[in-house]
Number of protein chains: 2
Amino acid sequence: MNKKTTIHDIAKKLDITASTVSRALQDNPRISDSTKKLVVKTARQMNYQPNSIAAALRNGKSNLVGVMIPTVDRNFFGSIVRGIEEILNDSDYNVIICQSEDSHEKEKTNIKTLLKAQVDGIFASYAKETVDFRHYEEILNHNVPLILFDRMQNHFDVDAVVIDDYKGGFDATEHLIEQGCRNIVHLTGPDNVSIYKDRKRGYEDALRKHGFPVLQENIYQSDLKLEAGIRIGEKLNKLSKLPDGIFSSSDYAAIGAIQVLKKSGIKIPQDIAVVGFSNESFTNLVDPSLSTIDQKSKKMGHFIANTFLERMNKKESYTPSRKVLTPELIVRNSSLRKEHSKQNFIKN
Amino acid sequence: MNKKTTIHDIAKKLDITASTVSRALQDNPRISDSTKKLVVKTARQMNYQPNSIAAALRNGKSNLVGVMIPTVDRNFFGSIVRGIEEILNDSDYNVIICQSEDSHEKEKTNIKTLLKAQVDGIFASYAKETVDFRHYEEILNHNVPLILFDRMQNHFDVDAVVIDDYKGGFDATEHLIEQGCRNIVHLTGPDNVSIYKDRKRGYEDALRKHGFPVLQENIYQSDLKLEAGIRIGEKLNKLSKLPDGIFSSSDYAAIGAIQVLKKSGIKIPQDIAVVGFSNESFTNLVDPSLSTIDQKSKKMGHFIANTFLERMNKKESYTPSRKVLTPELIVRNSSLRKEHSKQNFIKN
DNA sequence: ATACTTGATGTAATCGATTGCACAAATATA
DNA sequence: TATATTTGTGCAATCGATTACATCAAGTAT
């Protein structure tokens, strides 16, 4: 049928060579203005679409980047991806998204897939499950720029964009203390994931700063999913002395706990004030709306993309950098005892 | 540094030609078993990774497909994408995701981008805003297979995978009637989007079937976002006679309305029973948990992917098909008056 | 008038994998 | 023994865009 037109077709029509056409389309100064105009016009007429694959092969550059995240249907990761796209699409890059589903195996196959697709860069957030990082070395062996974000460790000397999880944990806990909490429980995740360790440190330091003891029995470790929150809520329910505050490293776990506690007549935030982490999109849909820590996900996406673009320019002698973003405490009704409803999205 | 190894490198090492290597790696019957084994072994040793871009250029096939959806951070679309990936990754395809954000302009540029990336197929769900479909013709002009899903119209004779929105609307409404509702309000979306029209027809027919009048003043049109739900909730609040049921074409709008109604002391589901649409992930996080219609998103993804694969095989003389999936009513606490809490996820 | 720029375009190789056709050697058939 | 067929490889073109280098005409300097 209608074959795609190539630069050769244009060349033939104008009785010039393909190289001239190519140069003209690239606005090469060595081509006269008159030919340029002619070529551009003819290209439009013939509905020419450059074949990016041919260019990719020749240039050794696919203009594709791969983003690997645990899952796309978490607000945080979804909007990081958006942030990345906002920047990169303007520079003619396309984004391939891979989901690791927090599985080590999937992570491995995803990396293979992306390398096979000849991506120009890989942006990744570790799967929770991952403790062995050899598959990441593959990326570096292939000379593909790697940028880690959010979840990372110091195994590799690569670019990284993270938030200050310590500060997030600290601020959340201090806020609970300011709201009058005296016995604050913390829900944390697997210890091999540094973000959870950091948030926990923040929690502990905030307690210490205000003269409260750090009690190991107040720290509940889990995978931080909804179901884990439910289980922990049930445990809390059975305690002889209820806590009066919960800082959860995950919005999901926080909601799980709140659901159970509400069932047994406990008032949130009056009896127990709760702060989650991530500012998931459902946090202002639930009742009471959930206080949380916003992770500046879009901004993070922008940083990742810009870091990548810089890296592509400097080519040699590039020194990886680390960017730490500051999270923001968002106070909603689940923790606001003093000025009730002030921050509620519904007027009055 | 360490250049990537190509089939030529392998050929040189074994003192054979690249074509033999290529054939050996493809398990071509014309190559002897001994050479095959040797080549495969050497390839492994040299850590050979096929350059898919070169293959793409030669074969005129990028092994990329583009998925265009309004947004990735809606459960429905996110899991469609997952479903698509589950199938296509096994067939060595990669998926590029584009978000239209329900904007006509973004949709246009996304299509350009995908075509430039030489994707082998495009799977798309129309943006709400879109009323002019010329940019979709571009896809067909380029001879790129197009599969529409969820939101679509009959402009093009292309493959389509949709759910039976009419049945979804009918079932939701009939369920409310069974729960004793006698005055059911419906929240619908823009009329140019067929899914909303179909759901509305389902609503109307269910009312008629049970002998209730269809009242235009009971139908509220909006963009179905959270804020729209809030506004409509406020309107309902002011009515002299409150409705006793709400069927919303969107979970978000449903939640918005519920939030307002709860504030003014109205009990859900006792005073007003509510059913949403989409089974968004937050629907069982809110209080009360929201009854809704599940759209079989993952299954839809599977269908889309498989339709595409079939299409790629049959090449010529292909007749587009239309697959209609059956949605499922999920009854939760926002509409369950008779056996309270039975379907609640918390035991007892 | 000769040598030397400058400007504009063409030639041909390249990126890496694929594949139709050619060709030699080995085997089968007459 | 001569011819036909099979088997295993090699040769070279191809996909489309890019680019170092060559070329050639016109213009400038000496």
Side-chain angles (χ1 to χ4, degrees), chain A residues 2-40 42-43 46-64 92 115-120 142-144, chain B residues 2-40 42-43 46-64 92 115-120 142-144:
Chain A
N2 41 359
K3 274 276 179 201
K4 283 176 210 151
T5 65
T6 70
I7 51 172
H8 294 93
D9 301 329
I10 300 176
K12 210 170 292 170
K13 184 156 199 168
L14 295 178
D15 200 28
I16 53 178
T17 58
S19 46
T20 305
V21 175
S22 172
R23 290 197 182 100
L25 291 173
Q26 288 174 87
D27 203 23
N28 186 312
R30 295 174 53 185
I31 300 293
S32 68
D33 282 351
S34 55
T35 4
K36 271 185 201 168
K37 269 184 200 143
L38 193 59
V39 168
V40 170
T42 317
M46 299 178 74
N47 192 27
Y48 168 72
Q49 302 279 140
N51 183 330
S52 58
I53 292 191
L57 176 59
R58 170 65 216 227
N59 299 331
K61 201 164 157 295
S62 65
N63 273 37
L64 287 173
D92 266 335
L115 289 175
K116 204 159 83 185
Q118 312 282 123
V119 293
D120 294 338
H142 280 252
N143 258 326
V144 173
Chain B
N2 40 0
K3 275 275 177 203
K4 283 177 209 151
T5 64
T6 71
I7 51 172
H8 293 93
D9 301 328
I10 300 177
K12 211 171 291 169
K13 184 156 199 167
L14 296 178
D15 201 28
I16 53 179
T17 58
S19 46
T20 306
V21 175
S22 172
R23 291 196 180 101
L25 291 172
Q26 289 175 88
D27 204 23
N28 186 311
R30 294 174 55 187
I31 300 293
S32 70
D33 282 352
S34 54
T35 0
K36 271 185 200 167
K37 270 183 200 144
L38 193 60
V39 167
V40 170
T42 317
M46 300 178 73
N47 192 27
Y48 168 72
Q49 302 279 142
N51 183 330
S52 58
I53 292 191
L57 176 58
R58 170 65 215 226
N59 298 331
K61 201 167 157 292
S62 65
N63 272 39
L64 286 174
D92 266 336
L115 290 175
K116 205 160 82 183
Q118 313 281 125
V119 292
D120 294 338
H142 280 252
N143 257 326
V144 173

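Residue numbers start from 1 in every chain, and the chains themselves are labelled A, B, ... in the order their sequence lines are given, proteins ahead of strands. Just so we're clear, the structure is a prediction, and the values are computed from it rather than from any experiment.
- Atom-to-atom, CD1 of B:I31 to C1' of C:dT19 comes out at 12 Å; the value is rounded to the nearest Å.
- For A:N28 and D:dT19, the CG to C1' distance is 10 Å, given to the nearest whole Å.
- Candidate nucleotides D:dA13, C:dG10, D:dT9 were compared by shortest atom distance to the side chain of B:R58, and D:dA13 ranks first.
- A:I16 comes within contact range of the sugar-phosphate backbone alone, with a heavy-atom separation under 4.0 Å but no base atom that close.
- Considering only heavy atoms from C-beta on, B:K36 comes within 4.5 Å of B:D27 through its side chain.
- Taking only side-chain nitrogens and oxygens, B:S22 comes nearer than 4.0 Å to OP1 or OP2 of C:dT18.
- Here C:dT18 presents its P atom at 13 Å from CG of B:D27, a figure rounded to the nearest Å.
- Side-chain contact between B:T42 and B:V39: absent, with no pair of heavy atoms (C-beta onward) separated by less than 4.5 Å.
- Comparing C:dT18, D:dA17, C:dG10 by their closest approach to the side chain of B:Q26 singles out C:dT18.
- In this structure, the CE atom of A:M46 is 13 Å from the P atom of D:dG16, given to the nearest Å.
- Between A:N59 atom CG and D:dA17 atom P there is a gap of 12 Å when expressed in whole angstrom units.
- Side-chain atoms of B:R23 lie closest to D:dG10 of the nucleotides D:dG10, C:dT11, D:dT18.
- Closest contact between the side chain of B:H8 and the listed nucleotides D:dA17, C:dA17, C:dG10 involves C:dA17.
- Where A:L25 and A:R30 meet DNA chain D, the nucleotide closest to each residue was compared, and A:L25 sits on the side nearer the 5' end.
- Electrostatic pairing of A:D92 and B:K116 counts as a salt bridge here, judged by a charged N lying under 4.0 Å from a carboxylate O.
- Heavy-atom nearest nucleotides on DNA chain D were determined for B:L57 and for B:S34, and the one closer to the 5' end corresponds to B:S34.
- A:K13 NZ: 12 or fewer foreign heavy atoms inside a 6.0 Å radius.
- The phosphate of C:dG10 (OP1 or OP2) has a side-chain N or O of A:T20 nearer than 4.0 angstrom.
- Going from atom NZ of B:K4 over to atom C1' of C:dA17 covers 14 Å, rounded to whole Å.
- A distance of 10.5 Å separates CD1 in B:I53 from NZ in A:K61, rounded to the nearest 0.5 Å.
- A close approach under 4.0 Å does not occur between any side-chain nitrogen or oxygen of A:T6 and OP1 or OP2 of D:dG16.
- Of the candidates D:dA17, C:dA8, C:dG16, C:dA8 carries the atom nearest the A:S32 side chain, counting heavy atoms from C-beta on.
- Taking atom CG of residue A:D33 and atom C1' of nucleotide C:dT9, one finds them 15 Å apart after rounding to whole Å.
- B:K36 has its NZ atom 10 Å from the P atom of D:dT9, to the nearest Å.
- Contact check, A:T35 against C:dA8: no side-chain N or O comes under 4.0 Å of OP1 or OP2.
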